[in-house]
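Before we start, here is the structure in question, set down as structure tokens.
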Protein chains: 2
Amino acid sequence: MNGSRSAYTRKRILDAALRLFAVKGNKTSLREITAEARVNVSAVNYHFGSKEGLIQAIYQHRVRALNQTLLKSLDNLEEKAGSGTPVEAKDLIEAYFRPLLQHALTDTLAVPGNDPALREPHVLLRTLIMNGHSEVLQRFRLAFSRALPDMPDDELVWRLLFMLGAASCAVAGREGLLNALNPMHSEPFCPESLFQKLLTFLVGGFLAPLPGMQNAALAVKVASPQQYPGIAGP
Amino acid sequence: MNGSRSAYTRKRILDAALRLFAVKGNKTSLREITAEARVNVSAVNYHFGSKEGLIQAIYQHRVRALNQTLLKSLDNLEEKAGSGTPVEAKDLIEAYFRPLLQHALTDTLAVPGNDPALREPHVLLRTLIMNGHSEVLQRFRLAFSRALPDMPDDELVWRLLFMLGAASCAVAGREGLLNALNPMHSEPFCPESLFQKLLTFLVGGFLAPLPGMQNAALAVKVASPQQYPGIAGP
DNA sequence: GTCTATATCATGATAGAC
DNA sequence: GTCTATCATGATATAGAC
């Protein structure tokens, strides 16, 4: 059987890509990779379909590990809470975003410390979505829904999306975005400290009163709706 | 002098690119654009440096208009508040993110309705940063700093970044991301409704107590950190 | 089934001629 | 300033070796 040889070639490509991506990012050309792996260019296409497929294959194992971690963590929370009572929202947020941030910040590549690709905003999200992460999100979404039964589904989903966006910027911020806001790079980078910052932000945002609630302290004044749609003024 | 002819070629390219990007998104090839403009392929590189340069040139005018809108809006707020008192944080958030979202959602291209490129997450942020938006961010950052003098600089900058990430997902969410979370998306899209959702989330997150503080002074500035009626959990 | 060699195509970028 | 090569790249297809 040739299966072992197939797996060997596949692994050669993956290893070479892993090595080069870690240094040069995902902009590394297929030809560089295949040269490093001493393999024909077409082999990449045969095994992975495309360059994007190769990239996804690299991340697949770790993303799936993350998925499992998250599901297990959610299982534990729900078991501890019992079947009757829902898990609290802020516990859900922590259970989801702590592993996510840890995954994105420290567990990015076998080569310690560097994965230029993931620093590019939203590459993280795309990679997640393409590796079975949607099911995990659905599980958490249901848990959130149980935790906050009065929050409309529509509102809940958008808030989850906002949280993902904030988390994505938390990962990517260290590189380019943070400089635009804060040219004087002050603090040394500390993952745990960043996570605490993110967590408080997320909890505050997710548990904010619903829009339009007049008696809510944080309710936002409804602005003149005639500004939408269209372009108003200069 | 040949300047007028140069400007003419430049405009031909811009017009053609604008037309094609509006339909096919930024993935439109340079050759399609130059064919439409009846211009040599290299002319793009000469006038704009690269395809990315061309894209930025297209957005430049409108981003700069947005910058001006934001600065003027901030000026008005500060003038109304007087020189002694700072503008409230939630007013700052609204003053910044409403025009931003409007810009990204409705004012995306001269051709009505569509700018597939901006739906791709964080293309918005990149485009902004590359067109003098950093100075605007600095102005707002100072205003936020005055509004919340007790918030450490480091914390403030990260929260601004989180807000930008959430806003970016608000823009991009309609396409791919929302489907991953909510396969049955029944609600019709309403920009104003989305903005209200985003705004409440941002205010809740930005004004959240500092990490490590249970009853923070920051929360007192707004209200007691209560949640809207019906939401469970302490 | 696995992989190589090779060719073809569209694309973005660049150098140099005019 | 403009245009003509020319190049490197990603993707794809075919033929054939093993």
Side-chain angles (χ1 to χ4, degrees), chain A residues 1-60 115-118 120 122-123 126-127 130, chain B residues 1-60 115-118 120 122-123 126-127 130:
Chain A
M1 64 185 178
N2 289 349
S4 69
R5 175 152 158 236
S6 170
Y8 179 65
T9 303
R10 204 184 140 91
K11 182 155 173 31
R12 285 190 64 84
I13 297 173
L14 277 175
D15 287 345
L18 196 65
R19 238 173 297 144
L20 294 176
F21 282 161
V23 182
K24 310 184 55 176
N26 288 1
K27 283 185 308 183
T28 313
S29 75
L30 282 185
R31 282 164 178 83
E32 286 179 272
I33 295 171
T34 52
E36 171 96 359
R38 315 186 75 136
V39 159
N40 189 279
V41 195
S42 304
V44 172
N45 214 274
Y46 176 78
H47 282 285
F48 305 99
S50 69
K51 188 181 184 182
E52 175 67 26
L54 171 59
I55 294 174
Q56 292 309 320
I58 288 182
Y59 294 138
Q60 215 170 56
D115 185 354
L118 283 189
E120 204 169 318
H122 280 250
V123 170
R126 183 177 54 113
T127 305
M130 293 183 80
Chain B
M1 100 198 221
N2 289 351
S4 70
R5 173 150 162 238
S6 170
Y8 179 66
T9 304
R10 199 186 145 92
K11 182 154 176 31
R12 287 191 65 84
I13 297 173
L14 275 175
D15 288 344
L18 195 65
R19 239 172 297 145
L20 294 176
F21 282 162
V23 182
K24 311 183 56 175
N26 289 1
K27 282 184 309 183
T28 313
S29 73
L30 283 185
R31 279 164 177 84
E32 287 179 90
I33 296 171
T34 52
E36 171 97 358
R38 314 184 75 139
V39 159
N40 189 277
V41 196
S42 303
V44 172
N45 214 274
Y46 175 76
H47 282 286
F48 305 99
S50 69
K51 187 182 186 181
E52 176 67 25
L54 171 60
I55 295 173
Q56 292 309 321
I58 288 182
Y59 294 139
Q60 216 170 55
D115 185 356
L118 282 188
E120 204 169 317
H122 280 252
V123 171
R126 183 176 50 115
T127 305
M130 293 183 80

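Sequence lines set the chain letters: A, B, ... in the order given, protein chains first and strands last, and positions in each chain run from 1. The figures that follow rest on heavy atoms only: side chains count, while hydrogens, waters and symmetry mates do not.
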How far does CG of A/Leu14 sit from CZ of A/Arg19, to the nearest 0.5 angstrom?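 Going from CG on A/Leu14 over to CZ on A/Arg19, the span is 11.0 Å.
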Which value, rounded to the nearest 0.5 Å, describes the distance between B/Lys51 atom NZ and B/Ser29 atom OG?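 Answer rounded to 0.5 Å: 6.5 Å.
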Base, sugar-phosphate, or nothing for B/Ser42, non-hydrogen atoms under 4.0 angstrom?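 Touches a base.
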Whole angstrom is fine here: how far is it from CZ in A/Arg38 over to P in C/dA5?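 Taking CZ of A/Arg38 and P of C/dA5, I get 12 Å after rounding.
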Flag side-chain contact, heavy atom, 4.5 Å: A/Asn40 against A/Tyr46: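 No, too far: nothing below the 4.5 Å cut-off.
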Let me see the working for B/Phe48 and B/Gln56 under side chain to side chain contact (heavy atoms under 4.5 Å, CB included), right down to the final yes or no. CA-CA 9 Å; B/Phe48 305 99; B/Gln56 292 309 321; over 6 Å; no
Tell me the closest heavy-atom pair linking A/Val44 and A/Thr34, and the distance in Å.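 Distance-wise, the nearest heavy atoms are CG2-CG2, 3.5 Å.
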Give a yes/no on whether any side-chain N or O of A/Ser6 is located under 4.0 angstrom from OP1 or OP2 of C/dC3.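 Yes, because at least one side-chain N or O of A/Ser6 sits under 4.0 Å from OP1 or OP2 of C/dC3.
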Ignoring hydrogens, what is the shortest heavy-atom contact between B/Glu32 and B/Lys24? Give both atom names and the distance.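 Closest heavy-atom pair between B/Glu32 and B/Lys24: OE1-NZ, 2.5 Å.
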Measure from NZ on B/Lys27 to P on C/dA10 and round the result to the nearest Å.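 Going from NZ in B/Lys27 over to P in C/dA10 covers 18 Å.
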Taking the nucleotide of DNA chain D with the closest heavy atom to each, which residue, B/Val41 or A/Leu30, is nearer the 5' end?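 On the 5' side of the pair lies B/Val41.
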Which part of the nucleic acid does B/Val44 contact within heavy-atom distance under 4.0 Å: base, sugar-phosphate only, or nothing?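 No contact at all - B/Val44 keeps every heavy atom at 4.0 Å or more from the nucleic acid.
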Close approaches to DNA chain C from residues 46-54 of chain A, in residue order (heavy atom, under 4.0 Å):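 Output list: A/Tyr46, A/His47.
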Start at the 5' end of DNA chain C and walk down; is the nucleotide closest to B/Thr28 or to A/Val39 reached first?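 Nearest nucleotide further toward 5': that of A/Val39.
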Within the structure shown, what part of the strands sits under 4.0 Å from B/Thr34 by heavy-atom distance: base, sugar-phosphate, or nothing?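 Result for B/Thr34 = nothing.
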Could you tell me whether the phosphate oxygens of D/dT2, OP1 or OP2, come under 4.0 Å of any side-chain nitrogen or oxygen in B/Asn40?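 No, no such contact exists.
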Starting from C1' on C/dT6, measure out to CZ on A/Arg31 and report it in whole angstrom.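 Going from CZ in A/Arg31 over to C1' in C/dT6 covers 12 Å.
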How long is the line joining CG of B/Asn45 and P of D/dT6, in whole Å?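 Interatomic distance, CG of B/Asn45 to P of D/dT6: 18 Å.
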Taking all non-hydrogen atoms of both residues, which atom of B/Leu20 and which atom of B/Ile33 are closest, and how far apart?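 Between these two residues, the closest heavy atoms are CD1-CA, 3.7 Å.
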In whole Å, what is the span from the CD1 atom of B/Ile33 to the P atom of C/dA13?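 Distance, rounded to whole Å: 11 Å.
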In whole angstroms, how far is the C1' atom of C/dG12 from the CD atom of B/Glu32?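 To the nearest whole Å, that distance equals 13 Å.
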A/His47 to A/Ser6 - nearest heavy-atom pair and separation: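 Reported closest heavy-atom pair: CE1-OG, 3.4 Å.
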Using the C1' atoms of five pairs at each end, what's the angle between the two axes of the helix from C/dG1-D/dC18 to C/dC18-D/dG1, to 10 degrees?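 For the helix from C/dG1-D/dC18 to C/dC18-D/dG1, the axes at either end differ by 10°.
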Got a donor-acceptor contact below 3.5 angstrom from the B/Ser42 side chain to the B/Asn45 backbone?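 Looks like no, no N/O pair under 3.5 Å.
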Is any side-chain nitrogen or oxygen of A/Ser29 closer than 4.0 Å to OP1 or OP2 of D/dA8?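 Negative; the distance criterion is not met.
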Please give, in whole Å, the distance from C/dT11 C1' to B/Lys24 NZ?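 So the two atoms are 12 Å apart, to the nearest Å.
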In terms of side-chain geometry, is the basic nitrogen of B/Lys11 or B/Asp15 positioned less than 4.0 Å from the acidic oxygen of its partner?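 The answer is yes: the pair qualifies as a salt bridge.
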In whole Å, I'd like the distance from the CZ atom of B/Arg12 to the P atom of D/dT2.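 Interatomic distance, CZ of B/Arg12 to P of D/dT2: 12 Å.
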